[in-house]
Structures are given as structure tokens and as C-alpha cells.
Amino acid sequence: MPCGHNFCLKCFEKWIKQGGHSCAKCRASIPPKMKCQPRINLALVAAVRMARSKSTPSGADPSKAYNFVHNQNRPDKAYTTERAKKAGKANAASGKIFVTIAPDHFGPILAENDPVRNQGVLVGESWEDRLECRQWGAHLPHVAGIAGQSEYGSQSVALSGGYEDDEDHGEWFLYTGSGGRDLSGNKRTNKEQSFDQKFEKLNEALRISCKKGYPVRVVRSHKEKRSSYAPESGVRYDGIYRIERCWRKAGTQGFKVCDTCLFDATMNLPHGLVKHMVTAQGHCLSYRS
DNA sequence: CCATGCGCTGAC
DNA sequence: GTCAGCGCATGG
């Protein structure tokens, strides 16, 4: 908050719901925008997590996992063709991919795959839009939310607020599958669901990554307006998550959706605890500024 | 080849 | 603010 105080997100939301209008610590007034769109203080989340994990589990190096960047060393703008310059960026070619990962590469993008900067893609790094995000390999499809192959697995997902059944709790979230929508009329998206989703194609790719335990890269977009964990602008790489389970459920629009629960891989949580968080929706390791 | 897709833009 | 509708990349 402007006064510099931080609160647990759940507590803050409860406070606002009860009619709180000032900081519980210093009574400074809370701006309206902060009331309706509180944002997570990622630096504080990282610090608290770091402090909590006293012993370093083998295979997880916190110094790497929490290597945040502050938008310096930004790459060039996404490449656009001459034709796209006339027609607008929506019609642009995606441009050069700067990293050397294969499209079906699972897991982080390391320094050895980043000949341009030799540092890899860092957790917390962000880009202007999906085309630029694609150029750095974090999430390659520039429209689709799920990257993957139905017989191999899913490499990454994007949280962009495109499906209202999504639920973002920071270190874990529920992600709705693709499909179920009428895209006739040359549409790329459609807010209305008109038939059931199935575990096929990209949804099936997620299910395979779940079964195999593959790491999934996660990016969050500013277009997700309901989440306090979404960036205020651009597209941000939020690191590696793993899939706890996939199932079908009734969506809010009256048709079935393929739901997936992902959790932050650096949490090292036993599956039971994630389930507990899903059902109890207790306090999370969530702080805001 | 054809179908899908959680973007993006200018126009209103 | 809302909206239609486009190229492109990818999977199948």
C-alpha cells in the first residue's frame, strides 16, 4: 500500500468486505483502486518463502529460483513485417525466437539456451505482449493458452483471464481447458461456451503432463483482471508449476470444462496439502503492497 | 490439407 | 469503454 504496509491477501479482502477503508496498521486511507484490485508484493513473497525454507532440498536452488529481474536488459521490440506495420501488430509475424529451446522443451529456459544474454529466462521477467513473450520461449503459442501435444504433454500455460472458471491463488491455481466454444465467423476467441470440453488435443496434453509429472512453465498476463497475482501490464514469467490433478466438472456457463490444478513447483508441497488448500481456501503465502 | 486459438488493433 | 475480424503458428 502507499503507506508501505503489507497484509495477507485473504485478510485484506476480508477487511475490505467488512467495510474497512483505512490501513489496519496506520489508518492511512486505502485508494479505491487498491480496494478492488489489490496486488501481490512479489518481492515480499520471495523473501518470506526464502526465510521459510531453512534447509535447501536437493534439486532446488533458491538462489536460482528467486532470481528476479527488474525489466532492465530488455530485448528489442517484437519484430513486425512491413505489411504488419501497415496493418497493425495484430497481423504481425511473431519474429525471431531468441532462445535455442526446442518447441517441445519442458522446464526452465537456462542460460545455455540464451545466447543473446546468456542468463536464461528468469522468474519474474516480463514482456510487453504475447508476441514478445513468445520470442523468449516462455510460452510459444501467441494466441492459445496451452502449449502442448496431445500424445506428448504440455510445456506451458498462460493465465490471461480468457475463461471465467479460472481461479488464481498465486502458488496454486485452477486452469480451464480450451475448446467448448463456437469460433465460426473467423473468431480467435469467444466468451460464450456452447458445448462441453473434452480431454483431447491441448487438454489431453495437460493430462499427460499431470500423469508424467512434467514441469509446466507459467506466464501471467495483465489481461487477467480478477487475479491479484496478475501483472498490471504485460506478460510475466512466473516459473515452474506442476499439475496436481485434471478432472472434468460443470462450468459456470452450464457446460462441462476440463479443469486442471497447478501448483508452484518451488513449494515442494505434498499433494495432500494442495488439496487441502483447494478445499479449505485458507491463508496462503500471499502478501500485497 | 484444415481446424483451432486465454491477441491485438483500429474504429466506433 | 466495446467490438469485429485479421495474420499467423501450430497441431492433427
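For the numbers below, each heavy atom of this structure counts, side chains included, while hydrogens, waters and symmetry mates do not. Here is the naming used below: chain letters follow the sequence lines, and residue numbers restart at 1 for every chain.
Taking atom CG of residue A/L183 and atom P of nucleotide B/dC2, one finds them 18 Å apart after rounding to whole Å. We find that NZ of A/K191 is positioned 11 Å from P of C/dA4, with the value rounded to whole Å.
Residues satisfying the ring-ring contact (aromatic ring centres under 6.0 Å, His included) test with A/Y241, not counting sequence neighbours, are A/F173. Evaluation of the salt bridge (charged side-chain N to carboxylate O under 4.0 Å, His left out) rule for A/D259 yields A/K249 as partners, not counting sequence neighbours. With sequence neighbours left out, the ring-ring contact (aromatic ring centres under 6.0 Å, His included) criterion links A/Y152 to A/F106.
In the hydrophobic cluster analysis, where Ile, Leu, Val, Met, Phe, Trp and Tyr join through side-chain heavy atoms closer than 4.5 angstrom, A/V123 is grouped together with A/V99.
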Before you tell me yes or no, could you show the steps for A/R188 and A/N190 under side chain to side chain donor-acceptor pair (under 3.5 Å), namely the whole-Å CA-CA distance, both residues' side-chain angles and the distance that decides it to 0.1 Å? CA-CA 7 Å; A/R188 301 292 174 271; A/N190 181 346; over 6 Å; no
What does nucleotides 6-12 of chain B look like as a protein-contact string, B for base, S for sugar-phosphate only, - for none, at under 4.0 angstrom between heavy atoms? BBBS---
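Remark: A/K187 NZ is packed, more than 12 non-hydrogen atoms of other residues, nucleotides or ligands lying under 6.0 Å away. For NZ of A/K191, the number of neighbouring non-hydrogen atoms (other residues, nucleotides, ligands) closer than 6.0 Å is 12 at most.
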I'd like a table of atom pairs between the protein and nucleotides 10-12 of chain C - only N or O on both sides, under 3.5 Å - with the distance next to each one.
unit_1	atom_1	unit_2	atom_2	d
C/dT10	OP1	A/R134	NH1	3.2
C/dG11	OP1	A/Q149	NE2	2.7
C/dG12	OP1	A/S150	N	3.0
C/dG12	OP1	A/S150	OG	2.8
C/dG12	OP2	A/S150	N	3.4

Enumerate donor-acceptor pairs with a distance under 3.5 Å from any side-chain N or O in residues 21-33 of chain A to protein atoms, sequence neighbours excluded.
unit_1	atom_1	unit_2	atom_2	d
A/K33	NZ	A/E232	OE1	3.4

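When both pairing distances are held under 3.5 Å, B/dG10 makes a Watson-Crick or G-U pair with C/dC3.
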